[in-house]
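Scope of the values below: all heavy atoms of this structure, side chains included, with no hydrogens, waters or symmetry mates. In this chain, residues are counted from 1 in sequence order.
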Amino acid sequence: MTKNMTDSNTNGHIVGLYPLIKLLSDGRFYSGEHLGEQLQISRAAVWKKIRKLESLGLPCHSVRGKGYRLENSIQLLDAARLAQIVDDELGEHNLEIDLRAQVDSTNDLALDAARGGQSSGYTCLAEQQLSGRGRLGRNWVSPFARNIYLSMLWRFPAGARSLEGLSLAIGVAVVRALEKSSLSGLALKWPNDVLLNGEKLAGILLEMHGDSSGQCSVVIGVGVNVDMPQSAGVAIAQPWTDLGRHLSNVDRNKIAGSLLAEIYRSVQMFSESGFLPHKSAWEKYDGFFGERVSILLGEKELIGRAAGISDRGEFCLDIDGELRHFGGGEISVRKCL
Ligand code: BTN
């Protein structure tokens with residue numbers, strides 16, 4: 001089942017603006033009269049809405065005699081196209097796409113869906129997040145119609161222990177989906193940061209709902225930088241990149257569709273067979289193997305050599321010949337300079 005975007009499932013600052021954005025998305029000029037006719041509002045009302053677009057990061061040109069156009073054309077997500085790509089890639093599936101214009105966080109929406117009894121495969125995508133969340137309490141910078149923000153819900157009957165390694169398996173799924181657009185230089189940093197030539201391209205945030213020892217649900221949140229404006233990117237506190245810097249003609253729908261299919265495939269396989277079948281693929285993309293690294297464990301810093309991952313997906317650190325495993329909790333890994 002696919003819910004396409006309408007103005008009624010938008011919220012926040014964007015209410016009433018989405019149909020106008022859709023009309024202007026190709027970056028061409030449209031007269032106030034034409035826009036007013038299409039939207040069934042007055043020309044003055046069109047002008048008011050045009051002014052609001054600026055606050056969404058969509059500045060417009062207005063030229064007397066020509067009308068209005070977006071300064072930069074945008075490619076909006078299209079639920080029907082996404083569904084088609086997913087159908088082509090997966091055949092039979094239970095993936096349900098819920099496409100929104102603006103949300104606080106797609107993870108929040110999927111967590112709400114879990115509380116509301118939605119089944120595995122429910123997936124929310126949004127054009128913009130107002131409070132996108134990253135790992136370690138960071139924000140995830142989420143400007144309108146530039147990147148990909150999605151969250152998939154999956155139910156696990158056997159509790160939190162059965163989730164070991166899931167976040168690594170999702171990292172592999174994201175890399176596989178991105179490689180379909182002929183990107184090279186992709187690597188994973190434990191547990192699941194997706195790096196391109198050492199810079200962060202995509203992030204994954206898993207959040208759990210329910211009973212950690214029994215029936216629980218996981219929300220798999222994935223953000224991919226596709227065309228991050230420099231003005232938004234200044235808020236990112238680490239070296240980052242986006243697909244636009246490495247590929248010409250990025251098709252956001254195609255990339256989002258491939259991500260949905262690969263994540264679905266991967267979580268389905270994980271729920272049947274656990275992490276082990278994903279381990280060798282993760283190792284193939286291990287960007288830190290053999291490097292001297294420092295890991296932060298709360299206040300404590302440990303230095304050693306990255307020695308891959310365990311069968312459970314834990315990070316292995318070789319400290320002067322002694323192998324130590326780190327999993328579960330939040331450690332952060334850095335290459336030593
Ligand atoms: C990280 O810090 O690397 C994880 C980033 C995860 C961002 C995604 S965007 C979609 C989903 N919704 C959120 O609020 N966060 C995740």
Side-chain angles (χ1 to χ4, degrees), residues 3-82 98-106 124-132 139-150 223-236 240-245 247-256:
K3 285 188 207 151
N4 214 337
M5 190 135 50
T6 63
D7 214 34
S8 62
N9 65 8
T10 62
N11 63 3
H13 308 115
I14 206 165
V15 170
L17 294 179
Y18 186 77
L20 174 63
I21 295 169
K22 209 167 170 185
L23 287 170
L24 292 171
S25 59
D26 62 9
R28 297 208 187 129
F29 272 109
Y30 292 95
S31 69
E33 194 180 352
H34 172 80
L35 295 170
E37 260 169 38
Q38 295 293 311
L39 301 171
Q40 302 190 334
I41 56 175
S42 68
R43 283 166 60 182
V46 169
W47 182 74
K48 267 193 192 160
K49 285 179 190 285
I50 293 276
R51 280 181 39 194
K52 286 192 188 159
L53 293 185
E54 193 103 12
S55 62
L56 282 174
L58 298 173
C60 283
H61 281 150
S62 137
V63 174
R64 198 178 284 275
K66 279 183 152 180
Y68 305 104
R69 74 170 187 87
L70 286 183
E71 211 168 283
N72 304 298
S73 63
I74 49 171
Q75 191 197 11
L76 293 169
L77 293 174
D78 176 342
R81 238 196 110 211
L82 292 173
D98 182 1
L99 178 58
R100 307 285 179 123
Q102 189 183 62
V103 298
D104 286 332
S105 153
T106 54
C124 165
L125 293 102
E127 291 289 12
Q128 183 178 31
Q129 298 187 115
L130 298 175
S131 318
N139 294 330
W140 188 256
V141 175
S142 310
F144 187 85
R146 298 298 200 117
N147 301 323
I148 293 167
Y149 322 112
L150 68 88
V224 179
N225 297 335
V226 178
D227 181 21
M228 180 76 83
Q230 202 61 42
S231 56
V234 290
I236 305 176
W240 60 270
T241 190
D242 62 18
L243 294 176
R245 286 172 170 71
L247 295 173
S248 47
N249 301 324
V250 184
D251 181 341
R252 218 156 58 93
N253 280 295
K254 191 141 189 285
I255 288 167

Here the pair of heavy atoms bringing C60 nearest to L53 is SG-CD1, 3.7 Å
Roughly how far, to the nearest 0.5 Å, is OG1 of T106 from CD1 of I148? 11.5 Å
From Y149 OH over to N225 CG, what is the distance, rounded to the nearest 0.5 angstrom? 7.5 Å
Under the criterion side-chain contact (heavy atoms from CB on, under 4.5 Å), which of L58, L70, I74 is the partner of L24? L70
Taking all atoms of both residues into account, what is the closest heavy-atom pair of S142 and G132, and its distance? OG-CA, 4.1 Å
With sequence neighbours excluded, residues passing side chain to side chain donor-acceptor pair (under 3.5 Å) with Q38: none
Gap between atom CG of L243 and atom CD1 of I255 - 0.5 Å precision: 5.0 Å
Holding to side chain to side chain donor-acceptor pair (under 3.5 Å), I want the full list of residues that pass it with S105, two or more places apart in sequence or in another chain. none
Between A126 and L77, the two heavy atoms sitting closest are O-CD1, 4.5 Å
Approximate separation, where rounding is to 0.5 Å, of S73 OG and R28 CZ: 10.0 Å
Name all pairs fulfilling the ring-ring contact (aromatic ring centres under 6.0 Å, His included) condition that reach into residues 42-75, sequence neighbours left out, sorted by first residue then second. none
For E71, does the CD atom have more than 12 heavy-atom neighbours from other residues, nucleotides or ligands under 6.0 Å away? yes
Please name the pair of heavy atoms, one in Q129 and one in D104, separated by the smallest distance, quoted to 0.1 Å. CB-O, 3.5 Å
Residues at least two apart in sequence or cross-chain that pass side chain to side chain contact (heavy atoms under 4.5 Å, CB included) with A45, listed by chain then number, are I41, S42
May I have the step-by-step check of side chain to side chain contact (heavy atoms under 4.5 Å, CB included) for D242 and V226, ending in yes or no? CA-CA 5 Å; D242 62 18; V226 178; 5.8 Å; no
CZ of R43: more than 12 outside heavy atoms within 6.0 angstrom? no
Closest heavy-atom pair, R81 versus D251, reported as atoms and distance to 0.1 Å, is NH2-OD2, 3.0 Å
Once rounded to the nearest 0.5 Å, what's the spacing between atom CG of N72 and atom OG of S25? 12.5 Å
List the residues meeting side chain to side chain donor-acceptor pair (under 3.5 Å) with N253, not counting sequence neighbours, and say none if there are none. none
Which distance, rounded to the nearest 0.5 Å, do you find between the CD of Q75 and the NZ of K254? 11.5 Å
Return the minimal non-hydrogen interatomic distance between V141 and A232, and the atom names on each side. CG1-O, 3.6 Å
What do you reckon, is CZ of R51 surrounded by more than 12 foreign heavy atoms closer than 6.0 Å? no
Which pairs count as salt bridge (charged side-chain N to carboxylate O under 4.0 Å, His left out) when at least one residue sits in residues 140-150, sequence neighbours excluded? R146-D227
